[in-house]
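Shown next, in structure tokens, is the structure this report addresses.
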Amino acid sequence: MTSILQFSDIHFGVEDKNAMAAVRDYAKTLSPDLALICGDITQSGKIEEFKAARDWIEQFDAPKIVTPGNHDTPMFGILHRIFDPFGRYNKFIAPLGETMFVDENIALMPYNTARGVQAKLDWSLGVVDLSDLAAKVSHLKAKNPSVLKMIAVHHPLIYPPVSPLIKETKRGEAAVKLLSDANIDGVLSGHVHAPFVVEREPGQTELLSIGSGTLSTRQRGKPASFNHIEIDSRDIRVTAINWTGDKFERAEAWTKSRVDLRRTA
Ligand SMILES: [Fe+2]
């Protein structure tokens, strides 16, 4: 069995300090094989926020997969945002993460959908470079066909209707098609600050989308949370672990047969 902790949107600087103080001990009880952090690790991309994030991430005694979010570029440094948007992320966080996690159940890679600046007013939106994504996916496709293949991003490629935040990721729909055509099984994301599991276009893509909530104080109608993902030879189970204000507890859960994830057409 593979045990994955999926965190996102901790936003160090405005993190939920009580939840973050408790999450380390709770996480140990879940015996993680992988700690996944789907971006927005910091609130403003400040050096002290990155250092706090680094110190927290380093404490997991397990491999890590990390991908940046739109908050992980310097919010108050336009020159940094233009010329070196992920310089601080690359210095403090990137060395902590693996380029790919593979075990007997899953092969998982990060893919960066965040940008420092964009030719539009809203720089917080996600962007996919399809040729870059295709190159990444080719590494996943080469893996054992019996393992689930997933990518980890910050922005949902397509925002689910259940999301408290509905935006558009540039070339997100094309990315979903690319991943589906490559028989990728799922996408793990953050950004919307609420947990969800959605199966896209049943019978066509069967691409499972798993979003994790936030451990920051920037909540959108849902408590602070992270996801516990368990994968065995038969099923994938996703459980939102909610912070009640004084403890973590298992909340909403989804189970999907791995056989059903495979395309029939
Ligand atoms: Fe966020």
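Indexing begins at 1, ligand by ligand and atom by atom, following the structure's order.
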Consider side-chain contact (heavy atoms from CB on, under 4.5 Å). Of C38, P195, S225, which one does Q6 pass it with? C38
Could you tell me which N, O or S atom of H11 is nearest to the Fe ion (ligand 1)? NE2
Determine, for D55 against K51, whether the closest basic-nitrogen to carboxylate-oxygen distance falls under 4.0 angstrom. no
Cationic N near anionic O, under 4.0 Å, R237 to D232: yes
Could you tell me whether the Fe ion (ligand 1) has an N, O or S atom of H191 under 2.8 Å away? no
Which atom of D9 is nearest the Fe ion (ligand 1), counting N, O or S only? It is OD2
Name of whichever N/O/S atom of D40 is nearest to the Fe ion (ligand 1): OD2
Side-chain donor/acceptor of T67 to backbone N/O of H154, under 3.5 Å: no
